[in-house]
Amino acid sequence: MQNKKRESLDGKNIVLGVCSSIAVYKAAELASALSRLGAGVSVVMTENAKKLVSPRIFQTLSRNKVHSSMWDEITDWKPEHISLAESADLLLVAPATANAIGNFAQGLAPDLLASLYLAATCPVLIAPAMNSAMYANPSVKRNIETLLRDGVKFVGPEEGSLACGTSGRGRLAEIGAIIDAAADILESSEN
Ligand SMILES: Cc1cc2nc3c(=O)[nH]c(=O)nc-3n(C[C@H](O)[C@H](O)[C@H](O)COP(=O)(O)O)c2cc1C
């Protein structure tokens, strides 16, 4: 049943926002899986995410250029945050940091990913990942509630042991669960 649903990813353009969470390495598997399911994947990495892993991983696995800055050499007249937003059937942010979630909720646009979020008219799916105390922080909770009210969908985070040595809610959702959530959204937006 889920595999049938995953067919809705075929031929869709997914903009995958990748933030500087310790779970960033898992996003490489996500990019690869989405691409193997037939989706076009355009990865947008925050500048901080590039300090944790190389964009080259995402470039190879997504089979596409990785975007990061709005201030790169000009190759097209249209600013990148607008052209990416217009091309997207789904904006998926995984892993999403507390910082990115805060930017989205507050309408701030300090970087390519946050600017793209504001310009996007497609559905948005966020997979947060952070330390459990960060996730439980009232400011983060408020931002997530704001985004939920705005119609943004969330998958996870899950409970479990965390890279920071503690355990609690904050683990990135399993890659399969993220893919299924993305497929659900794309399937319902087809109907
Ligand atoms: C090794 C390391 C791991 C981090 N993991 C997380 C995380 O899982 N979640 C989170 O919200 N922030 C995490 N941070 C903090 C963010 O990187 C920091 O808030 C940063 O400003 C977010 O930038 P970005 O949203 O532009 O990627 C981590 C920082 C470091 C150095």
Side-chain angles (χ1 to χ4, degrees), residues 14-31 41-59 61-62 64-72 79-82 84-85 88 90-120 124-148 150 152-178 181:
I14 298 182
V15 174
L16 175 61
V18 175
C19 305
S20 60
S21 154
I22 199 68
V24 64
Y25 67 96
K26 298 180 181 171
E29 189 191 336
L30 178 60
V41 182
S42 299
V43 175
V44 175
M45 293 180 80
T46 65
E47 292 295 342
N48 289 329
K50 291 198 296 185
K51 295 174 190 159
L52 294 176
V53 295
S54 166
R56 214 169 276 269
I57 291 183
F58 289 98
Q59 184 173 306
L61 294 175
S62 70
N64 247 326
K65 179 186 167 191
V66 171
H67 309 262
S68 201
S69 167
M70 288 190 290
W71 307 103
D72 287 339
E80 238 167 345
H81 63 293
I82 304 295
L84 282 164
L90 176 71
L91 171 60
L92 166 59
V93 186
T97 51
N99 175 60
I101 289 168
N103 284 337
F104 300 163
Q106 290 164 47
L108 301 175
D111 60 14
L112 177 59
L113 180 59
S115 305
L116 157 62
Y117 170 80
L118 293 182
V124 179
L125 174 63
I126 293 182
M130 67 195 73
N131 164 274
S132 52
M134 288 174 81
Y135 185 66
N137 185 288
S139 301
V140 174
K141 280 187 165 171
R142 255 195 317 275
N143 286 334
I144 290 175
E145 280 158 16
T146 298
L147 291 173
L148 283 167
D150 291 344
V152 172
K153 302 275 191 263
F154 280 79
V155 53
E158 291 173 1
E159 238 173 282
S161 63
L162 301 171
C164 50
T166 57
S167 80
R169 188 169 296 280
R171 276 177 74 86
L172 183 71
E174 293 298 324
I175 299 306
I178 297 175

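Note that the numbering runs from 1 along the sequence shown for the chain. Basis for what follows: all heavy atoms, side chains included, without hydrogens, waters or symmetry-related copies. Indexing begins at 1, ligand by ligand and atom by atom, following the structure's order.
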Among protein heavy atoms, which lies nearest [atom], and at what distance?
| atom | value |
| --- | --- |
| atom 5 (N) of ligand 1 | Ile22 N, 3.2 Å |
| atom 8 (O) of ligand 1 | Ser21 OG, 2.8 Å |
| atom 21 (O) of ligand 1 | Asn48 ND2, 3.4 Å |

Note to self: Exactly one of Val18, Leu113, Leu52 should register a side chain to side chain contact (heavy atoms under 4.5 Å, CB included) with Thr46. Which one does?
What the structure shows: Leu113

Distance under 4.0 Å to a non-hydrogen atom of [X]: what atoms of ligand 1 satisfy this?
| X | value |
| --- | --- |
| Cys19 | 27 (O) |
| Asn99 | 22 (C), 23 (O), 24 (P), 25 (O), 26 (O) |
| Met134 | 10 (C), 11 (O), 12 (N) |

Next item on the list: For residues Leu112 and Glu80, determine if any side-chain heavy atom of one lies less than 4.5 Å from a side-chain heavy atom of the other.
Entry: yes

Note to self: Taking the side chain as everything from C-beta on, heavy atoms only, tell me whether Phe104 gets closer than 4.5 Å to Leu91.
What the structure shows: no

Check: Is there any N or O on Ala129 that sits under 3.5 Å from an N or O of ligand 1?
Finding: yes

Margin query: Please check whether Thr97 reaches ligand 1 - meaning an N/O of the residue sits under 3.5 Å from an N/O of the ligand, judged on distance alone.
Written below: yes

Item checked: Backbone N/O of Gly170 and side chain of Ser132: donor-acceptor pair under 3.5 Å -> no

Check: Are the side chain of Asn137 and the backbone N or O of Ser139 linked by a donor-acceptor pair below 3.5 Å?
Finding: yes

Check: Using 4.0 Å as the upper bound for N to carboxylate O, is an ion pair formed by Glu145 and Arg142?
Finding: no

Margin query: Measuring from atom 17 (O) of ligand 1, which candidate in Ala98, Gly17, Ser20, Ala114 has the nearest non-hydrogen atom?
Written below: Ser20

Check: Closest heavy-atom contact between Leu16 and Val41?
Finding: CB-CG1, 4.2 Å

Check: Does the protein place any heavy atom closer than 4.0 Å to atom 31 (C) of ligand 1?
Finding: no

